[in-house]
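Here is the structure we will look at, set down as structure tokens.
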Amino acid sequence: MLLDYVWLIPLFPLAGVLINAFLGRWLPRRLVAAIASLAIVASFAMAAVLFFQMLGLPAEAEGGGAGRQRIVPIFSWIVSGDFVVEANILLDPLSIVMALVVTGVSALIHIYSAGYMAGEEYHNRYFTWLNLFVFMMLILVLGDSFLTMYVGWEGVGLCSYLLIGYWFERESAANAAKKAFLVNRVGDFGLALGIMLIFATFGSVAFGQVLPAAASIPAGTATAIALLLFLGAAGKSAQIPLHVWLPDAMEGPTPVSALIHAATMVTAGVYMVARTHALFEVSLSALNWVMWIGALTAFLAATVALVQKDIKRVLAYSTISQLGYMFLALGAGAYAAAIFHLATHAFFKGLLFLGAGSVMHALSGELDIFKMGELRKKLPWTFRTFLIGVLALSGVPFFSGFFSKEAILSGAFEGGAIVPWLLGLVTAGLTAFYAFRVLFVAFYGKSRLDKKVERHVHESPWVMIVPMALLAVLAFAGGYIGLPRVLGIGSAVEEFLAPVFADSTLVHTAGEATLEWLLIGLSVVAVAAGILAAWWIYVRNWGLAGRLTQSARRLYDLAFAGYHADRAYMEAIVQPLRMLGEGLAGAVEQRSIDRAVNGVGELVGLAGEGLRRLQTGLVRNYALAMFLGVVAILAYFVLRGVLSW
Amino acid sequence: MNPLGFPLLSIVIFLPLAGGLVGLLLGGRRRLLGLWALLVTLVDLGLACVLWGFFNYGSGGMQFVDRLPWVQSLGISYFVGIDGVSLWLLLLAAFLSPIAVLTSWKFLEGRPEGEARGYYLLLLALETGVLGVFAAVDLVLFYIFWEAMLVPAYFLLGRWGGERRIYATLKFFLYTMAGSALMLVAILALAVLNLQQTGVLTFDLLALYDLPLAWMAQLWLFVAFVLAFAVKAPIWPLHTWLPDAYLESPTPVTILLAGVLSKMGIYGLIRFCLPLFPDLVQAARPWIWVLAIIGIIYGSLVALVQRDMKGLVAYSSLAHMGMIVVGVLAANPQGVQGALILSISHGLTVSALFIVVDLLERRRGTRRIDDFGGLWHSVPLLGSLLLTVAMASVGLPGLSGFPGEFTLLVGVFRESVAAAVFATLGIVLGAWYMLSMFRQAFAGPLDRPENRTLPDLRWREAAVLLPLVVLMFVLGVVPNLFLRPTDAAVDSLLSRAEERRVVLMDTSDQ
């Protein structure tokens with residue numbers, strides 16, 4: 001059976017890592033990039049082949065067949081008593097969808113990187129790490145247990161750290177990398193404890209053992225497990241309150257932002273919750289947490305995105321906000337919708353980041369959209385693809401984002417989550433506004449480019465444009481795998497994923513057609529309002545934005561600073577702990593403990609004075625200790641005698 | 001008992017000492033002596049690997065036993081053997097010794113030619129002492145190795161240490177002597193109690209394992225043993241000799257102190273405290289956990305603010321040892337096996353870290369983190385290597401730190417959720433100080449001219465570091481290779497403890 005060769009999917013990137021890590025220094029640059037890209041293309045091809053194989057199998061397990069699920073054993077990783085961790089691969093509709101998205105988008109971004117990173121000093125390091133990232137991401141989504149997932153989870157964290165800090169000589173990049181790793185470690189603290197609790201509860205960490213038994217555990221335990229796992233998800237997927245690392249992660253090269261910090265790694269939390277939904281469903285309060293955190297993150301991050309001037313920061317907050325949507329969907333039990341949005345978001349947000357990279361490439365690294373303008377004429381291909389990305393992100397009808405966002409919002413509404421749905425609706429309007437704001441400010445109007453920069457403006461090479469064009473196709477067409485139910489055709493992605501979520505106990509009553517149309521109509525109105533407002537402010541009345549800002553200065557500043565989340569962490573946690581460390585190192589370590597111990601030492605020394613003439617040097621102390629020992633023995637037996645008496 | 005028919009284990013133990021003595025005949029040539037010491041330690045490592053090759057995974061008892069009557073009137077015998085608990089620690093000591101020798105080459109280069117003879121003799125004698133500790137089954141023999149190992153350590157630190165070496169030596173000496181004196185008392189008391197109950201005077205640990213102990217006796221003996229091991233590991237607050245000793249020692253000695261000698265404390269806890277005093281382990285566990293966890297958090301926070309890179313590694317060691325102790329005290333298979341695996345990992349990582357600090361100090365003449373910056377540009381290979389080691393040290397899955405750490409935390413979690421939660425904080429704090437150090441020293445702008453021209457890793461330096469790094473990967477990817485041999489021994493040790501608990505409860509009812 002071809003499905004048993006699923007290990008080839010992660011093997012190709014691993015081979016790329018090994019080749020480029022050991023030989024990359026001596027290979028020509030183009031070859032390094034080619035090897036890395038080919039590894040991922042091969043991996044994608046393998047995933048695609050397996051996907052079509054799987055389509056040929058019966059969807060449901062029947063008559064002794066496993067349906068579309070396979071567990072492929074690799075080796076025994078850790079066995080200690082009854083703590084058994086098998087490194088197995090789990091192949092099912094969910095993991096193959098994840099593998100397809102990951103390898104597909106990765107392949108395009110690898111190719112794009114060949115052009116974007118061509119002039120960089122540590123070129124082979126970059127491609128080694130990028131391949132390593134794909135390998136770890138595949139471990140994450142293909143692993144058959146919580147612990148193998150954890151391996152990938154931390155592994156992608158390492159790659160994220162390495163690649164954010166790729167330009168490590170820049171203070172800001174080095175700090176951002178460290179921050180990303182540490183904030184993620186806080187999340188992983190929760191995830192690790194969650195896994196321990198899972199093992200203590202179920203006696204196993206394998207998905208196949210734990211998830212089917214989930215319904216039998218007490219709700220309190222389930223809540224604890226789910227919330228601990230969700231802490232991990234919030235770290236990796238940048239949800240409040242652990243979102244603070246993602247905006248800074250933009251210090252990394254832009255293709256990295258596109259791949260890791262938009263399309264793939266940050267969606268790992270979404271994948272985990274979807275994968276382990278059986279645990280979350282035991283505890284409604286945990287699901288509610290997921291939903292509310294998701295809705296609030298979606299809304300608040302969108303408000304911050306409204307006012308950012310740095311094109312990548314807009315996209316970063318947008319990513320946080322879109323991930324919030326996915327968690328909103330998960331919390332409402334619309335798992336397939338969350339995975340659907342994960343896929344479309346990977347396409348359009350990856351595309352938007354690549355577009356931003358192309359702009360930076362053309363403008364000598366300029367990031368401030370207010371120093372751009374009129375780019376649609378200078379960068380025609382970048383403009384066209386970027387436009388498609390903006391339309392998809394905004395959720396304009398017929399583009400992919402429209403369908404997936406619709407699936408989420410109607411799922412939330414039908415799940416009875418009215419307030420989160422409303423937050424999602426408002427966020428849809430805000431999203432359209434900030435997306436078109438970037439488009440209008442950067443690509444329309446008059447050129448505000450620096451004269452020196454303007455002379456060098458050039459469209460990117462084909463090796464960058466082609467991946468963008470392909471992603472643009474996906475960003476447009478990707479939505480048609482998940483048409484709204486009301487059209488009567490059915491959502492292909494929902495059907496394909498159905499076996500994975502078949503055990504869900506949350507019943508979604510499909511609303512009436514009128515209601516569905518009404519919901520769609522409402523979000524189209526919200527999107528239209530957002531686009532119109534952006535047009536009104538940034539095209540029709542240029543300068544209005546400045547006046548508006550002045551009239552709401554404090555609110556603007558608050559949003560611009562991301563509600564001071566960074567400062568809060570610095571002042572409430574980081575600095576106090578550092579001060580505590582300084583205090584311990586200084587006051588305690590240097591003085592108290594030492595003094596006490598030295599005091600004992602002096603006491604022993606004094607006692608030893610009497611023996612001084614007998615011995616000299618270290619031997620004296622030795623003898624003294626022996627002497628003390630004998631005294632202690634005597635003391636013990638005397639004491640023992642007294643006690644027994 | 002001994003499948004080989006000849007005393008291979010004893011040869012492994014005494015070969016280094018014998019080699020050191022033969023070295024005295026080789027004259028005072030530093031290079032020759034260095035090569036000789038390397039040869040001796042490598043051969044010893046090879047022989048130790050043969051032990052592993054013939055090791056019977058299914059047996060939980062002592063293997064490769066060599067037993068000779070010694071002082072028969074006192075029931076003392078020369079009795080050595082290894083089981084799954086000692087196997088890896090023995091191999092770790094045998095593995096780190098050639099690395100310490102190689103590190104010594106460079107260290108001795110700047111010193112008078114005549115010193116080499118004594119230096120290598122002491123270093124090799126130290127190895128014999130450590131190997132003996134991990135193999136001795138007779139308690140008096142154990143004590144002798146334990147003490148004998150300290151003497152070369154004192155001299156190495158006192159003679160070849162840094163500026164404050166006398167102070168550091170004295171402190172180290174006082175601590176360890178206090179600890180081992182108490183242990184001697186406990187050993188004697190144990191034998192006397194056994195004599196009273198059975199009429200046989202013996203120091204055979206396997207026989208003493210069966211000795212029922214009343215609660216009060218257990219308490220005193222436990223305290224005496226634990227203090228000795230707690231000093232060696234060390235457990236907070238008995239650690240204050242550690243920064244001084246680690247910082248003042250020459251790097252090869254620091255490697256042995258941090259990599260191997262600290263494990264003697266862990267080994268003692270597992271070998272003696274768990275099976276001999278199971279009730280006390282249960283009773284004292286919360287207290288020791290609290291201290292060890294304070295050690296994790298305290299060590300991490302103090303490491304975080306260290307300006308001296310070697311100091312940072314020293315305090316990180318305190319935190320890691322705290323984690324290992326937490327695991328041992330869980331007294332279940334995951335806790336103990338995890339602690340053993342993490343001990344190996346810690347031996348590898350801490351040695352590699354100290355070596356990297358040494359290489360930087362040699363190149364730059366300073367260990368102050370603030371004096372560096374942007375080094376990844378000037379020494380890219382060294383930087384990448386250090387980052388790999390740092391990741392292994394902070395427990396990144398796929399490298400050596402993770403399997404042990406996670407397994408032991410799983411074990412702890414079963415016994416106490418609170419202890420597991422606080423100990424797990426260590427994974428956040430550990431990443432914090434390690435990455436802060438890397439950030440300051442290796443990332444950031446390369447703005448100091450002195451840092452621009454540093455030579456990158458040389459072949460000989462790579463030859464020292466690479467075996468460590470390779471093992472970090474092996475241990476991280478296939479931890480089962482290391483876990484399997486420990487299964488049976490840990491199992492029998494814990495079930496012995498469990499049985500004794502029942503026995504003791506019965507006697508207390510009477």
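Computed from heavy atoms alone, side chains included, the values below leave out hydrogens, waters and symmetry copies. Keep in mind the model is a prediction, meaning the values are calculated, not measured.
- No other option in A:R170, A:R578, A:M196 has as many heavy-atom pairs under 4.5 Å with chain B as A:M196.
- For chain A, the option among B:D487, B:V478, B:V477 with the highest count of heavy-atom pairs below 4.5 Å is B:V477.
- Contact tally against chain A (heavy-atom pairs below 4.5 Å) for B:D447, B:L150, B:V394: the top residue is B:V394.
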Might you work through the side-chain contact (heavy atoms from CB on, under 4.5 Å) test for A:E582 and B:L304, ending with a clear yes or no?
-> CA-CA 9 Å; A:E582 295 282 2; B:L304 181 66; over 6 Å; no
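- If you tally non-hydrogen atom pairs under 4.5 Å between each of B:T424, B:L387, B:V302 and chain A, the highest count goes to B:T424.
- Comparing B:V412, B:L396, B:L429 by heavy-atom pairs within less than 4.5 Å of chain A, the highest count is held by B:L396.
- Contacts of A:N184 with chain B are absent, with no heavy-atom separation under 4.5 Å from either backbone or side chain.
- Ranked by heavy-atom pairs shorter than 4.5 Å toward chain B, the options A:L182, A:I78, A:V79 are led by A:V79.
- Of the atoms belonging to A:A192, heavy atoms from both backbone and side chain fall under 4.5 Å from chain B.
- Note: A:W77 and B:F402 have parallel aromatic rings, judged against thresholds of 30 and 60 degrees for the angle between ring planes.
- A:Y122 pairs by the side-chain hydrogen bond (donor to acceptor under 3.5 Å, both in side chains) definition with B:H377, not counting sequence neighbours.
- Residues satisfying the side-chain hydrogen bond (donor to acceptor under 3.5 Å, both in side chains) test with A:E121, not counting sequence neighbours, are none.
- With a 4.5 angstrom heavy-atom cutoff, B:S300 does not touch chain A via any of its atoms.
- Using a 4.5 Å cut-off between heavy atoms, A:F75 touches chain B through its side chain atoms alone.
- The parts of A:V574 that come within reach of chain B are both its backbone and its side chain, each placing non-hydrogen atoms under 4.5 angstrom from that chain.
- Both the backbone and the side chain of A:L197 come within contact range of chain B, with heavy atoms under 4.5 Å apart.
- Heavy-atom pairs under 4.5 Å with chain A peak, among B:L301, B:T486, B:L409, B:N332, at B:L301.
- The environment of OH in A:Y166 is crowded: more than 12 heavy-atom neighbours from other residues, nucleotides or ligands sit within 6.0 Å.
- Looking at A:F199, only its side chain comes within 4.5 Å of chain B, counting heavy atoms on both sides.
- Contacts with chain B were tallied for A:D188, A:L158, A:L162, A:I139; A:L158 has the most, counting heavy-atom pairs under 4.5 Å.
- Proximity to chain A (any heavy atom under 4.5 Å) is shown, for B:P380, by both the backbone and the side chain.
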